[in-house]
Amino acid sequence: NTLLTKTVQRIFDAPEASGIDLAALVIVEGSHAWILKVDVLVMDSEGGNLLDAIMLAVKGALLNTRIPKTDVVRLPDNQTEFEVIPDPGQAQRVKGAQNIPVCVTVSKIGSRLIFDSSAYEEECSDVNLHVMTSGDGNICMVQKSGQGHLDIQEAKRMIREAKDAGISLGAQFRKCVEDAQNHM
């Protein structure tokens, strides 16, 4: 789905929104850096909130990613070389991955707000708001989908409730990942 791809790409194209510390990926200033690429393949989707699930999958993947340690050597002719240290024990986590936002989709059907809606409920909704909340509780992005409209009070209420749910979801997800890492 092109809309999903563009939405995820927009988050990660904006370093302030993605939370990732890009400076920590630099090996040699101006010439070499680690590049992070994430491919998401959705095999089957019978439920709603696909963007929510994709953002959690990307966050989980990057929380588990390790960047190999590198040793940089300055040569006499002002050149630089670097060596990748193959020891996994010296690899480091992606700095800022804990701040990758989670997405909470709020669907409005009539006057009711629905969280974690099914695909059917999403189709029946007047409007959906996809609210991205970072690990430190800031809203990074809000995207509307659906043909319906919102007045300003409805939008504020949906964003506030999605932000609260996002903070809670992010904390629970981080704890699950940390527990899994501690058992490895």
Side-chain angles (χ1 to χ4, degrees), residues 1-21 36-65 93-181:
N1 184 316
T2 305
L3 178 62
L4 290 170
T5 301
K6 286 182 179 180
T7 301
V8 173
Q9 187 174 6
R10 196 167 43 238
I11 283 288
F12 288 97
D13 281 350
E16 64 280 356
S18 74
I20 295 174
D21 181 357
L36 300 174
K37 292 189 179 221
V38 177
D39 287 325
V40 177
L41 175 63
V42 178
M43 301 293 284
D44 187 19
S45 174
E46 294 180 19
N49 299 320
L50 196 50
L51 182 59
D52 300 12
I54 288 170
M55 287 303 296
L56 282 175
V58 169
K59 183 175 182 124
L62 291 175
L63 281 169
N64 283 298
T65 298
R93 293 188 172 156
V94 176
K95 282 191 177 174
Q98 70 279 4
N99 284 322
I100 292 171
V102 296
C103 181
V104 172
T105 300
V106 186
S107 300
K108 180 182 172 239
I109 301 177
S111 62
R112 297 186 185 265
L113 300 183
I114 298 175
F115 291 82
D116 197 27
S117 56
S118 67
Y120 179 72
E121 290 168 327
E122 259 186 36
E123 274 193 39
C124 292
S125 69
D126 304 317
V127 66
N128 302 298
L129 277 187
H130 311 281
V131 180
M132 306 278 185
T133 306
S134 67
D136 55 6
N138 291 317
I139 294 174
C140 309
M141 186 177 95
V142 176
Q143 182 167 313
K144 176 190 167 287
S145 63
Q147 300 300 316
H149 68 280
L150 294 170
D151 67 40
I152 193 69
Q153 293 308 318
E154 288 175 314
K156 284 181 178 180
R157 177 176 161 229
M158 290 172 79
I159 291 168
R160 183 180 59 251
E161 290 188 25
K163 176 184 174 182
D164 292 345
I167 291 169
S168 175
L169 176 62
Q172 291 173 33
F173 186 75
R174 233 181 353 268
K175 184 177 179 341
C176 287
V177 169
E178 288 169 2
D179 289 348
Q181 289 171 342

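Note that this is a predicted model, so its numbers are computed, not measured.
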Closer than 3.5 angstrom, by distance alone: can the side chain of [X] be matched with the main-chain N or O of [Y] as a donor-acceptor pair?
X: Lys144; Y: Gly146; answer: yes
X: Thr133; Y: Gly137; answer: no
X: Glu121; Y: Ser118; answer: yes
X: Glu122; Y: Asn49; answer: yes

What residues, two or more places apart in sequence or in another chain, satisfy salt bridge (charged side-chain N to carboxylate O under 4.0 Å, His left out) together with Asp179?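 Counting only residues at least two positions away or on another chain, Asp179 forms a salt bridge (charged side-chain N to carboxylate O under 4.0 Å, His left out) with Lys175.
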Taking atom types as modelled, find out whether [X] and [Y] have a side-chain donor-acceptor pair closer than 3.5 angstrom.
X: Arg10; Y: Gln143; answer: yes
X: Gln9; Y: Thr5; answer: no
X: Asp136; Y: Asn99; answer: no

Can Arg174 and Glu178 be counted as an ion pair, charged N to O under 4.0 angstrom?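 Answer for the salt bridge query: no.
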If you compare all heavy atoms of Phe173 against all heavy atoms of Leu56, which two are closest, and at what distance to 0.1 Å?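 Looking at all heavy atoms of both residues, the shortest contact is CZ-O, 3.3 Å.
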Quick test of your reading: applying side chain to side chain donor-acceptor pair (under 3.5 Å), list the pairs with at least one residue in residues 53-65, sequence neighbours left out, ordered by first then second residue. Asn64-Gln181
Would you list the atom pairs, donor with acceptor, under 3.5 Å between side chains in residues 101-113 and any protein atom, with sequence neighbours excluded?
from, atom 1, to, atom 2, distance (Å)
Thr105, OG1, Asp52, OD1, 2.5
Thr105, OG1, Asp52, OD2, 3.4
Thr105, OG1, His130, ND1, 2.9
Ser107, OG, Ser117, OG, 3.1
Ser107, OG, Asn128, OD1, 2.6
Lys108, NZ, Glu154, OE2, 2.9

